[in-house]
Number of protein chains: 2
Amino acid sequence: MTMPKRDTYTPESLLAVAVGVFNERGYDGTSMEDLSRAAGISKSSIYHHVRGKEELLERAVGRALEGLFGILEEPAARRGRAVERLEYVTRRTTAVLMDELAYVTLLLRVRGNTPTERRAMERRREFDQRVADLLRAAVTEGDLRGDVDARLATRLLFGMINSLVEWYRPDGRGSVDGDQVADTVVRLAFDGLRR
Amino acid sequence: MTMPKRDTYTPESLLAVAVGVFNERGYDGTSMEDLSRAAGISKSSIYHHVRGKEELLERAVGRALEGLFGILEEPAARRGRAVERLEYVTRRTTAVLMDELAYVTLLLRVRGNTPTERRAMERRREFDQRVADLLRAAVTEGDLRGDVDARLATRLLFGMINSLVEWYRPDGRGSVDGDQVADTVVRLAFDGLRR
DNA sequence: GTCTATACCGTGATAGAC
DNA sequence: GTCTATCACGGTATAGAC
């Protein structure tokens with residue numbers, strides 16, 4: 001309710017700062033010292049907002065997973081021919097990656113060193129599985145080529161989409177640029193490079 | 001010349017162990033303690049073979065880059081239509097990724113925290129640039145579609161290929177399995193998922 | 001809500017015996 | 001070539017004043 005007069009950190013606003021640093025230096029490569037410098041407050045003040053470094057990671061990957069699983073709940077991902085649903089999910093996943101870039105980046109880089117990380121990886125695999133099922137259905141319905149392994153194809157599809165976090169940087173205004181990226185991803189994935 | 005009777009470490013054999021641990025736990029997440037346990041020797045013994053942790057990283061990414069740039073020197077990557085050279089480079093890059101999996105994995109995960117890492121990233125960008133040039137040439141020669149940005153397409157192509165390090169694990173004997181992966185990568189990249 | 005001060009531990013690295 | 005012992009440092013986290 002209260003509109004804060006000055007910038008005092010909430011767990012949420014601190015998270016935004018932390019995620020930025022995590023992605024620059026890597027989670028393990030980031031010290032609380034690094035975070036405190038980036039946030040402009042002392043190390044110990046951070047502990048006033050969150051229980052520790054790992055809680056920041058947990059919140060970040062949670063947000064990313066929320067965005068991804070949200071796609072599967074959207075109507076267009078649940079009705080119609082499988083190939084069209086797959087195309088929709090491909091486009092939307094690309095969009096979510098760009099919208100929640102920092103959070104998804106962190107999710108994709110998690111290695112499984114802690115229980116938090118392992119849970120995140122498991123949920124991510126779950127999402128991949130759901131898309132693989134969709135791709136399989138599209139093959140069965142005769143819209144996608146049957147001469148590629150569905151699991152392999154899904155992995156390569158996600159490889160393409162997920163690579164966004166390595167190079168995509170939001171530019172000026174609007175989502176025009178983002179739409180072009182999503183178009184290209186869909187075009188390449190479904191129709192290939194060849195003329 | 002001398003054939004060692006027992007297993008005593010060389011910088012090379014120690015590197016193989018280290019790269020495995022780096023990829024499991026992440027470079028920053030790996031302590032010398034971790035390495036010593038994996039190698040079965042004490043921390044200080046490691047310093048007898050290499051100058052430190054960073055030298056191990058340097059050797060590893062060096063080996064990966066050697067493999068990648070080697071591709072561009074091969075005859076089939078230097079003669080003929082651009083589209084065929086690009087197809088060849090795509091297939092060979094996939095193969096090198098699988099052959100030198102651990103080393104390339106490490107290279108792809110480098111974040112730029114140290115001078116060593118930054119040099120590695122620069123060389124990698126150089127390689128990407130060379131492939132982007134090839135793709136551009138293939139568009140000019142009329143073999144690839146002109147409605148996608150060459151730089152963007154190259155990034156997505158590498159996204160697909162490089163994702164191998166996230167899931168590919170060498171199986172039983174022979175490169176049969178690997179050939180199938182390379183075939184699928186080329187097919188998907190050039191002709192797409194659609195039937 | 002932020003600070004200073006500090007506890008306590010694991011880190012990368014070295015010295016020197018065997 | 002490997003070890004034990006040790007170092008200085010920086011890491012996460014806590015205590016308690018303001």
Side-chain angles (χ1 to χ4, degrees), chain A residues 1-61 106 110-117, chain B residues 1-61 106 110-117:
Chain A
M1 273 319 177
T2 58
M3 184 75 80
K5 297 204 192 77
R6 276 187 311 129
D7 60 322
T8 178
Y9 280 112
T10 62
E12 206 61 18
S13 66
L14 185 61
L15 181 61
V17 175
V19 167
V21 185
F22 287 159
N23 284 331
E24 253 181 55
R25 316 186 48 80
Y27 177 72
D28 285 316
T30 302
S31 68
M32 294 302 274
E33 176 74 33
D34 293 329
L35 290 184
S36 82
R37 224 177 305 117
I41 60 179
S42 71
K43 277 193 287 179
S44 52
S45 293
I46 294 177
Y47 290 92
H48 182 77
H49 303 286
V50 292
R51 284 206 311 281
K53 193 172 138 181
E54 186 152 9
E55 184 179 323
L56 288 165
L57 179 64
E58 204 166 348
R59 284 171 182 269
V61 299
L106 206 51
V110 137
R111 308 282 347 133
N113 286 351
T114 66
T116 301
E117 299 189 27
Chain B
M1 275 316 178
T2 59
M3 184 73 83
K5 293 204 194 78
R6 277 186 311 130
D7 60 323
T8 179
Y9 281 112
T10 63
E12 206 61 18
S13 65
L14 185 61
L15 180 61
V17 174
V19 167
V21 185
F22 287 158
N23 284 332
E24 253 180 56
R25 314 185 50 80
Y27 176 73
D28 285 317
T30 301
S31 68
M32 293 303 273
E33 178 74 32
D34 292 330
L35 291 184
S36 81
R37 223 176 307 116
I41 60 178
S42 70
K43 275 197 292 179
S44 52
S45 294
I46 293 176
Y47 291 92
H48 181 78
H49 301 287
V50 293
R51 282 207 311 281
K53 193 171 139 181
E54 186 151 9
E55 185 180 320
L56 287 165
L57 179 64
E58 204 166 348
R59 284 170 181 268
V61 298
L106 207 52
V110 138
R111 306 283 346 133
N113 286 351
T114 66
T116 301
E117 300 188 26

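To find a chain, count down the sequence lines: A is the first, B the second, and so on, and within it residues start at 1.
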Rounding to an integer number of Å, can you tell me how far [X] [atom1] sits from [N] [atom2]?
{"X": "B:Leu35", "N": "C:dT11", "atom1": "CG", "atom2": "C1'", "result": "12 Å"}
{"X": "B:Ile41", "N": "D:dT4", "atom1": "CD1", "atom2": "P", "result": "12 Å"}
{"X": "B:Lys43", "N": "D:dT6", "atom1": "NZ", "atom2": "P", "result": "14 Å"}
{"X": "B:Asp28", "N": "D:dG10", "atom1": "CG", "atom2": "C1'", "result": "14 Å"}
{"X": "A:Arg51", "N": "D:dT14", "atom1": "CZ", "atom2": "C1'", "result": "15 Å"}
{"X": "A:Tyr27", "N": "D:dG11", "atom1": "OH", "atom2": "P", "result": "14 Å"}
{"X": "B:Asp34", "N": "C:dG12", "atom1": "CG", "atom2": "C1'", "result": "12 Å"}
{"X": "A:His49", "N": "D:dA13", "atom1": "NE2", "atom2": "C1'", "result": "16 Å"}

Which of the following nucleotides, [options], is nearest to the side chain of [X]?
{"X": "B:Glu33", "options": "C:dT11, D:dA13, C:dT2", "answer": "C:dT11"}
{"X": "B:Tyr47", "options": "C:dT4, D:dT2, C:dG12", "answer": "C:dG12"}
{"X": "B:Met32", "options": "D:dA13, D:dA15, C:dG12", "answer": "C:dG12"}

Exercise. Any idea which heavy atoms bring A:Lys53 and A:Asp28 closest together, and the distance?
Worked result: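 Result for this residue pair: NZ-O, 4.1 Å.
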Problem set entry | For the student: nearest non-hydrogen atoms of B:Glu54 and B:Thr114, plus distance |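 Closest approach of B:Glu54 to B:Thr114, heavy atoms only: OE2-OG1, 3.0 Å.
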Tell me whether the side-chain N/O atoms of [X] come closer than 4.0 Å to OP1 or OP2 in [N].
{"X": "A:Ser42", "N": "C:dC3", "result": "yes"}
{"X": "A:His48", "N": "C:dT2", "result": "no"}
{"X": "B:Ser44", "N": "D:dT2", "result": "no"}

Using a cut-off of 4.0 Å on non-hydrogen atoms, how would the nucleic acid contact of [X] be classed: base, sugar-phosphate, or nothing?
{"X": "B:Thr30", "result": "sugar-phosphate"}
{"X": "A:Ser31", "result": "sugar-phosphate"}
{"X": "A:Lys53", "result": "sugar-phosphate"}

Exercise. Does A:Ile41 offer a backbone N or O that forms a donor-acceptor pair with the side chain of A:Tyr9 under 3.5 Å?
Worked result: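 Not confirmed, A:Tyr9 side chain does not pair with A:Ile41 backbone.
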For this session: Please list, chain by chain and in numerical order, all residues satisfying side-chain contact (heavy atoms from CB on, under 4.5 Å) with B:Glu55, sequence neighbours excluded.
Result: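 With sequence neighbours excluded, B:Glu55 shows a side-chain contact (heavy atoms from CB on, under 4.5 Å) to B:Val50, B:Arg51, B:Arg59, given in chain and number order.
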For this session: Among B:Leu35, B:Val19, B:Thr30, find the one that has a side chain to side chain contact (heavy atoms under 4.5 Å, CB included) with B:Leu56.
Result: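 Result for side chain to side chain contact (heavy atoms under 4.5 Å, CB included) with B:Leu56: B:Leu35.
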